[in-house]
Amino acid sequence: MEKEGIIRRRVALVDRHKIGLNAHIFAQVKLNAHGRANLDDFSAAIQEFDEVLDCFVMMGSVDFMLRIVATDIEAYERFFFEKLSQLPGIQEINSTVALSEIKSTTSLPT
Amino acid sequence: MASLTAVDIRILEAIQKDSSQSTSELAEKVGLSQSPCWRRLQRLKDEGYIEREVAILDRSKFEHSFIVFAALKMDTLTDEKRSDFLRKVEITPEIMECYSTIGETDILLKIVASSLEWYQKFVFKTLLRLPGVKDIQTTVTLAEMKCSTAIPVRSIED
C-alpha cells in the first residue's frame with residue numbers, strides 16, 4: 001500500500017498540550033477581489049505559517065477555514081494582528097475558539 | 001516542558017514529518033549519534049510528548065471524497081445524553097474531528113463525505129439523531145490548501 005501511494009506518509013503525532021499549545025482556533029477568512037485575484041500569494045503565506053495546521057477552500061459565504069494552534073489566546077491575538085490580518089487581500093476574519101477537543105483522528109473511514 | 005532541549009525539538013520536528021525513517025537516518029538529521037538519539041526518542045515517547053505514530057492515507061485513492069464542516073446548535077444536555085452524544089461521535093468513522101465551540105453554534109464537526117447524496121442521508125440518519133441536535137449548518141469544502149499533522153514545536157522557545 002505504501003508503494004501504491006495509498007499510504008501517503010507515516011508521521012508521529014505530538015501532544016500539543018505537552019508542548020504548551022493550549023489554544024485551538026478556527027478562523028474563517030474572506031478575501032476581497034484583490035485577494036482572490038492573487039490566490040497564490042495567500043496560499044504561499046498560509047503554507048509558511050506554522051501556526052496554521054489546516055486550510056480548506058470553502059463553498060459559500062466564506063472562502064477559507066483555517067485551523068490554528070497557539071500557546072494561548074494572547075498568542076493567537078498576536079498571530080492574528082501581526083501575521084494573519086496583515087496578509088494582502090483579506091476582507092474579513094471570524095475566529096471561533098474551540099473549547100474542547102471531543103474527537104480528533106487521522107483515520108479515514110474505510 | 002522546560003525539559004525539552006534544542007535536539008529534542010529537532011527530533012519532534014523531524015518525526016512529525018516522517019516517522020518511518022530509521023534511527024540512524026534520524027540521528028544524522030538531528031546531529032546526534034545513533035544510541036543517544038534512540039534514547040531521546042524513547043524518552044519523548046515515555047513522557048507522552050509523542051502520542052502515537054500513524055499512517056496518513058491518501059484520500060484521493062479511495063473514492064471521490066471531500067470534507068464538510070457541520071456546525072451544530074445544541075439543546076442543553078443531561079449528563080446521560082451528553083455521554084451518549086460523545087459515544088456516538090466517537091464510534092462514527094466519518095466524523096474525523098469534533099470540537100465544542102463558543103459562539104452561535106456549539107459543536108463543530110469535520111466529516112469526510114463520499115458524495116452530496118451520501119451526506120444528505122448522513123444528516124438524516126446520523127447527525128439529526130445525535131442527542132440534542134437542534135440545527136445543522138453545513139459548509140462544503142472545495143479543496144485542501146494545507147493539511148498538516150505537525151504542530152509548531154518551536155514556538156515554545158519564544
Side-chain angles (χ1 to χ4, degrees), chain A residues 1-2 4-21 24-26 28 39 42-43 46-47 49-67 69-71 75 79 94-110, chain B residues 1 4 12 15-20 44-45 47-59 61-62 65 67 69 86 89-90 92-103 105 107-110 112 114 139-156 158:
Chain A
M1 286 198 287
E2 226 118 350
E4 289 168 21
I6 295 172
I7 295 176
R8 197 157 57 168
R9 58 183 191 274
R10 290 177 189 274
V11 298
L13 302 183
V14 172
D15 185 340
R16 69 184 170 88
H17 294 290
K18 286 285 270 190
I19 303 292
L21 293 166
H24 206 172
I25 293 107
F26 286 91
Q28 294 185 306
L39 210 53
F42 178 78
S43 176
I46 293 300
Q47 304 298 336
F49 291 151
D50 289 338
E51 296 89 340
V52 178
L53 299 182
D54 302 335
C55 175
F56 288 93
V57 185
M58 310 292 273
M59 198 160 86
S61 56
V62 296
D63 297 316
F64 302 97
M65 170 86 102
L66 276 54
R67 185 164 69 93
V69 290
T71 46
F79 170 75
N94 278 308
S95 305
T96 306
V97 175
L99 292 176
S100 65
E101 203 169 298
I102 293 167
K103 180 177 184 180
S104 178
T105 180
T106 53
S107 307
L108 293 173
T110 41
Chain B
M1 231 163 70
L4 280 186
L12 290 176
I15 62 166
Q16 282 194 109
K17 283 184 200 140
D18 178 9
S19 65
S20 68
L44 290 169
K45 283 180 191 170
E47 291 181 0
Y49 287 96
I50 299 166
E51 271 180 277
R52 57 185 191 275
E53 285 167 41
V54 296
I56 303 292
L57 304 186
D58 188 346
R59 223 159 22 79
K61 300 274 176 190
F62 286 86
S65 68
I67 300 291
F69 285 96
L86 299 181
V89 165
E90 194 55 48
T92 305
E94 291 85 2
I95 299 176
M96 292 188 71
E97 294 170 30
C98 173
Y99 305 92
S100 66
T101 55
I102 327 182
T105 54
I107 295 281
L108 183 65
L109 301 175
K110 180 179 147 185
V112 51
S114 48
T139 314
V140 173
T141 67
L142 296 170
E144 277 175 38
M145 187 177 270
K146 183 175 187 177
C147 198
S148 172
T149 54
I151 60 170
V153 182
R154 216 167 269 273
S155 65
I156 58 161
D158 297 345

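Computed from a predicted model, the values in this text were never measured in an experiment. Below, chains carry the letters A, B, ... as their sequence lines are ordered, and counting in each starts from 1.
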>> I need the residue from B/Leu44, B/Thr105, B/Ile67 with the largest number of non-hydrogen atom pairs under 4.5 Å to chain A.
In response: B/Ile67
Region of [X] that comes under 4.5 Å of a non-hydrogen atom in chain A:
X: B/Lys45; answer: neither
X: B/Ile107; answer: side chain
X: B/Ile15; answer: both

Of all heavy-atom pairs between [X] and [Y], which one has the smallest distance, and what is that distance?
X: A/Ser104; Y: B/Arg52; answer: O-NH2, 3.8 Å
X: B/Gly48; Y: A/Asp15; answer: O-CB, 3.5 Å
X: A/Leu53; Y: B/Ala150; answer: CD2-O, 3.2 Å

Any non-hydrogen side-chain atom of [X] less than 4.5 Å from a side-chain atom of [Y]?
X: A/Leu99; Y: B/Ile102; answer: yes
X: B/Lys110; Y: A/Phe56; answer: yes
X: A/Val14; Y: B/Glu51; answer: no
X: A/Ile6; Y: B/Asp58; answer: no
X: B/Thr101; Y: A/Val97; answer: no

>> I'd like to know which of A/Glu101, A/Gln47, A/Glu4 tops the heavy-atom pair count under 4.5 Å against chain B.
In response: A/Gln47
>> As an exercise: rank A/Thr96, A/Ile102, A/Val11, A/Asp50 by heavy-atom pairs under 4.5 Å with chain B and give me the winner.
In response: A/Val11
>> Quick check for you: to the nearest 0.5 Å, what is the distance between B/Thr92 atom OG1 and A/Lys103 atom NZ?
In response: 6.0 Å
> How far does OG of A/Ser100 sit from CG of B/Leu86, to the nearest 0.5 angstrom?
Replying inline: 8.5 Å
> Would A/Phe64 and B/Met145 satisfy side-chain contact (heavy atoms from CB on, under 4.5 Å), going step by step from the backbone distance to the final call?
Replying inline: CA-CA 9 Å; A/Phe64 302 97; B/Met145 187 177 270; 3.4 Å; yes
> For A/Ser43, is it the side chain, the backbone, both or neither that has a heavy atom under 4.5 Å from a heavy atom of chain B?
Replying inline: both
> With distance as the sole test, does B/Lys146 use its side chain to make a donor-acceptor pair with the main-chain N or O of A/Leu66 at under 3.5 Å?
Replying inline: no
>> Could you work out, with ring-ring contact (aromatic ring centres under 6.0 Å, His included) as the rule, every residue matching B/Tyr99, not counting sequence neighbours?
In response: A/His24, A/Phe26
> Do A/Met58 and B/Phe69 pass the side-chain contact (heavy atoms from CB on, under 4.5 Å) test, and can you show the C-alpha distance, the side-chain angles, and the key distance before you say yes or no?
Replying inline: CA-CA 9 Å; A/Met58 310 292 273; B/Phe69 285 96; 3.7 Å; yes
> Above 12 or not: heavy atoms from other molecules or residues under 6.0 Å from NZ of B/Lys17?
Replying inline: no
> Taking only residues at least two apart or on different chains, which pairs with a member in residues 54-66 of chain A satisfy side-chain hydrogen bond (donor to acceptor under 3.5 Å, both in side chains)?
Replying inline: A/Arg36-A/Asp63, A/Asp54-A/Arg67
>> Run the side-chain contact (heavy atoms from CB on, under 4.5 Å) test on A/Leu13 and B/Val54 for me, step by step, so that the C-alpha distance in whole Å, both residues' side-chain angles and the decisive distance to 0.1 Å come before the verdict.
In response: CA-CA 7 Å; A/Leu13 302 183; B/Val54 296; 4.0 Å; yes
>> For B/Leu108 and A/Met65: C-alpha separation, side-chain torsions, deciding distance, then whether side-chain contact (heavy atoms from CB on, under 4.5 Å) applies.
In response: CA-CA 12 Å; B/Leu108 183 65; A/Met65 170 86 102; 4.2 Å; yes
